[in-house]
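Worksheet for the structure shown next.
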2 protein chains.
Amino acid sequence: MRIAELSRRTGVPIPTIKYYMREGLVPPGERTGPNQARYGEEHVRRLRLARALVEVGGLPVASARQALTLIFSSGISEFDVLGKAQYALTPPREHTEDDAWDEAAAQVDDLIARRGWQVKPGNPARRTLADALATLRRLGQDDYLDLLETYAETAESLADTEVRAISRRGDLHAMAEAIVIWTALGDPVLASLRRLAQEARAARVLGGTAEETA
Amino acid sequence: MRIAELSRRTGVPIPTIKYYMREGLVPPGERTGPNQARYGEEHVRRLRLARALVEVGGLPVASARQALTLIFSSGISEFDVLGKAQYALTPPREHTEDDAWDEAAAQVDDLIARRGWQVKPGNPARRTLADALATLRRLGQDDYLDLLETYAETAESLADTEVRAISRRGDLHAMAEAIVIWTALGDPVLASLRRLAQEARAARVLGGTAEETA
DNA sequence: TAATTATGGATAGCGACACTCTCTACTATC
DNA sequence: GATAGTAGAGAGTGTCGCTATCCATAATTA
């Protein structure tokens, strides 16, 4: 298949495909001449995946490349595919380390220990969480921090279901792909569901009706 | 207080404060001369909040403005503050309506009906969710869509806790503020916790150890 | 009081990012 | 043989979130 068909089948414009190839999200095609190359089904899948991570998952192109490289590389072990996926899918943030941040970081460590979670010290989610909790402190929302326990419990049961579902896939490659997809797209899914559930719950508790169109 | 102190107390650089004022995230100070103005505690709070929404919550400046305007406007009723907050906090996305999208939208409607949720037809989370589910379909991950039930259940219990916690705040203004903060910052908190829990669970199920530093 | 520094407001510029356009030397197809 | 498509590379574009500069004026300091 040539680039026009690749574009047609994925819905990605040709210039964008070329850009993604330059950025390494998609490998070059198999060369058949000075200005000719052939693309296969793997290109289609990989391009679709790239698009999903960037558009729906909201990942920076560089992070998407890392994740795609991970999936389509041979020689990964199932023991570190998840960790590596999380590294790739958590774009770096810069933060301010002040008192509130130190307290928040301690709170994160405490939570992880209390739940008996085994988490590598380098997991970037630690830092992201500490950032968010520190911000909540600075905004004077620390009286709500007991909600954190509920959040953690929720996350735990969710992760349990997810990991079990993923580990049922025998093929390591399919597993890696599913991990990346569900880690990246699970966030917006969960966020949307939370908003929908919030509105439904609020309608009940606060007595609002669902008729108003805001 | 003048702008230098405002900057010092919030940690936001003066040029950025000026930019935020231009963009309407923070109102102008009380004028006392041709080139003098006075700022108060509300400016401090509002600026801190703006910073949190943009930096940690990752909101576009325009969305943050909407949310802040909502919080600091008088004359909101508790019946629609949540709806309006959700509108403000869900940045618009463009999407492709194809077969997969139609199916996904139907799936969303079905889920909402099945759960007995009362959700306004215009809630932007409906569309975001349909987008994500359609993408999962296009990626051939629809065999995992039964996970959606778990996600929904999770979201429901979470929303329940959140709405009860928020409604305990008597003051309407404090309620509106808490809703905006927790809607925006809850997403990264939840996402981080999910990643941490995933790693912990994966270590157990897949037998990996937590010693490797990836 | 004179020099320095700060202020509010407006306009312009900057760097990152994700494309998008253009060009060239070819190749395929009608 | 004319037209359209192709790979690859470089430059250009639009948006976003700041950041720098400038000006007239006000406050602070020597």
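In what follows, chains are A, B, ... by sequence order, proteins preceding strands, each numbered from 1.
- Checked by atom type, the side-chain pair A/Glu199/B/Trp117 shows no donor-acceptor distance below 3.5 Å.
- Not one side-chain nitrogen or oxygen of A/Thr16 sits closer than 4.0 Å to the OP1 or OP2 atom of C/dA18.
- Rounded to whole Å, atom C1' of C/dG8 lies 16 Å from atom CE of B/Met1.
- In plain terms, the two heavy atoms of A/Leu185 and B/Ala132 that are nearest each other are CD1-O, 4.4 Å.
- The side chain of B/Arg22 sits closest to C/dA10 out of C/dA10, C/dA28, C/dT7.
- Where A/Pro13 and A/Pro34 meet DNA chain C, the nucleotide closest to each residue was compared, and A/Pro13 sits on the side nearer the 5' end.
- No engagement by B/Pro28 is indicated, since no non-hydrogen atom pair under 4.0 Å with the nucleic acid exists.
- Rounded to a whole Å, the CD atom of B/Glu23 is 14 Å from the P atom of D/dT15.
- In the set D/dT6, C/dA18, C/dG8, the nucleotide with an atom closest to the side chain of B/Tyr39 is C/dG8.
- Heavy-atom nearest nucleotides on DNA chain D were determined for B/Val61 and for A/Gly29, and the one closer to the 5' end corresponds to A/Gly29.
- As rounded to whole Å, 11 Å separates atom C1' of D/dG8 from atom CE of A/Met21.
- If you check C/dA28, D/dC18, C/dC19 against the side chain of A/Arg2, the one that comes closest is C/dA28.
- Residue A/Arg8 is classed as having no contact, given no heavy-atom separation below 4.0 Å to the nucleic acid.
- Checked by atom type and distance alone, the side chain of B/Arg31 pairs as donor or acceptor with a backbone atom of B/Gly33 at under 3.5 Å.
- Residue A/Arg38 contributes atom CZ, which lies 11 Å from atom P of C/dA28 at whole-angstrom precision.
- Comparing C/dA18, D/dA26, D/dC18 against the side chain of A/Tyr19 picks out C/dA18 as the nearest.
- A 6.0 Å sphere centred on CG of B/Asp99 holds no more than 12 heavy atoms belonging to other residues, nucleotides or ligands.
- The side chain of A/Ile3 lies closest to D/dA7 when the candidates are C/dG8, D/dA7, D/dT19.
- Rounded to a whole Å, the OH atom of A/Tyr20 is 19 Å from the C1' atom of D/dG8.
- Put simply, the side chain of A/Lys18 and the base of D/dA7 share a donor and an acceptor less than 3.5 Å apart.
- Of the N and O atoms on the side chains of B/Glu162 and B/Trp182, not one donor lies less than 3.5 Å from an acceptor on the other residue.
- Contact annotation: B/Arg65 side-chain N/O to D/dG17 OP1/OP2 distance is not under 4.0 Å.
- Both A/Ile14 and B/Asn35 lie close to DNA chain D; mapped to their nearest nucleotides by heavy-atom distance, the more 5′-ward contact belongs to A/Ile14.
- The separation between B/Glu30 atom CD and C/dG8 atom C1' is 15 Å, rounded to whole Å.
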